[in-house]
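Atoms considered below: every heavy atom in the structure, side chains included; atoms not considered: hydrogens, waters and symmetry mates. Counting starts at 1 for both ligands and their atoms, in listed order. On a predicted model such as this, the values are computed, not experimentally measured, just so you know.
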Amino acid sequence: MSDCIFCKIAAHEIPASIVLEDDEIIAFEDVNPQLPVHVLLIPKEHYANVGDAVPPELLGKLFSKVGEVARIKGVEESGYRIIANTGEDGRQTVHHLHVHVLGGAQMPIRMGPAD
Ligand code: 5GP
Ligand code: ZN
């Protein structure tokens, strides 16, 4: 997708602070971190979200990298949260499938509807 910012990051057309990368997957620091550790993990190929007919093998590969990101960022022991915001109610703003890996401090407990 030519106008997708994450496709451009995956293609190294715009810069990002890369945490790990292979042929299919890239993880990079979120430009606006919400916690001390905030990494985005994406497939290089464009899918809008987790429901966009993503091949199961690719989804497996994506999630299999979460632990590696946590190890690299030093939060394997302390723990972290993974989030995949999806669609409007999920407050997804970049419509290229991504998993947030958040840690380095405790997440808020609350996970209900917006006030
Ligand atoms: P969403 O709300 O779609 O789940 O999250 C999108 C995330 O992408 C946000 O946390 C936002 O800070 C991050 N983001 C948006 N544009 C860029 C960018 O150009 N570079 C990086 N590294 N992160 C971005
Ligand atoms: Zn894309």
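Separating the NE2 atom in H100 from the CG atom in L35 is a distance of 11.5 Å, to the nearest 0.5 Å. Taking CG from L41 and NZ from K61, the interatomic distance works out to 10.5 Å, rounded to the nearest 0.5 Å. Between atom CD1 of residue I42 and atom SG of residue C7 there is a gap of 7.0 Å, rounded to the nearest 0.5 Å.
Taking the six-membered ring wherever Trp is involved, the centroid distance between the rings of F6 and F28 falls below 6.0 Å.
With the Zn ion (ligand 2) as the vertex, atom SG of C4 and atom SG of C7 span an angle of 120° (nearest 10 degrees).
Applying the 4.0 Å criterion to heavy atoms of H100 picks out, from ligand 1, the atoms 1 (P), 4 (O), 5 (O), 7 (C), 10 (O). Distances below 4.0 Å separate heavy atoms of N85 from the following atoms of ligand 1: 1 (P), 2 (O), 4 (O). Within ligand 1, counting atoms from 1 as listed, the ones closer than 4.0 Å to a heavy atom of N32 are 12 (O). Heavy-atom proximity to Q92, at under 4.0 Å, picks out these atoms of ligand 1: 3 (O).
A pairwise comparison of heavy atoms in Y47 and E45 identifies OH-OE2, 3.2 Å as the closest pair. Scanning both residues, L62 and P43, for their nearest heavy atoms gives CD1-N, 3.7 Å.
With hydrogens left out, the protein atom closest to atom 1 (P) of ligand 1 is H98 NE2, 3.2 Å, a heavy atom. The closest protein non-hydrogen atom to atom 15 (C) of ligand 1 is V94 CG2, 4.0 Å. Of the protein's non-hydrogen atoms, D30 OD2, 3.5 Å is the one closest to atom 7 (C) of ligand 1. Ranking the protein heavy atoms by distance from atom 22 (N) of ligand 1 puts E29 O, 2.9 Å first. Distance from atom 8 (O) of ligand 1 to its nearest protein heavy atom, with residue and atom name: F6 CZ, 3.4 Å. The shortest contact between atom 17 (C) of ligand 1 and any protein heavy atom is with V31 CG1, 3.8 Å.
When non-hydrogen atoms are compared, ligand 1 lies under 4.0 Å from the backbone of R91 (N, CA, C, O) but not from its side chain. Contact annotation: for I9 versus ligand 1, heavy atoms closer than 4.0 Å belong to the side chain alone. Only the side chain of I5 comes within 4.0 Å of ligand 1, judged by heavy-atom distances.
Not counting sequence neighbours, E68 has no partner by the side-chain hydrogen bond (donor to acceptor under 3.5 Å, both in side chains) test. Qualifying ring-ring contact (aromatic ring centres under 6.0 Å, His included) partners for H96, counting only residues two or more places apart in sequence or in other chains: H46.
For H96, the N, O or S atom with the smallest separation from the Zn ion (ligand 2) is ND1.
Ion pairing between a basic and an acidic side chain is recognised when a charged N comes within 4.0 Å of a carboxylate O; K8 and D3 show no such pairing. Here E29 pairs with K73 in a salt bridge; the nearest charged N to carboxylate O distance falls below 4.0 Å. Ion pairing between a basic and an acidic side chain is recognised when a charged N comes within 4.0 Å of a carboxylate O; K44 and D23 show no such pairing.
Checking only distances, L40 never comes within under 3.5 Å of ligand 1, N or O to N or O. For a threshold of 3.5 Å applied to N or O pairs, the pair formed by T93 and ligand 1 contains at least one separation below that value.
At a threshold of 2.8 Å, the Zn ion (ligand 2) has a backbone or side-chain N, O or S atom of H46 nearer than that distance.
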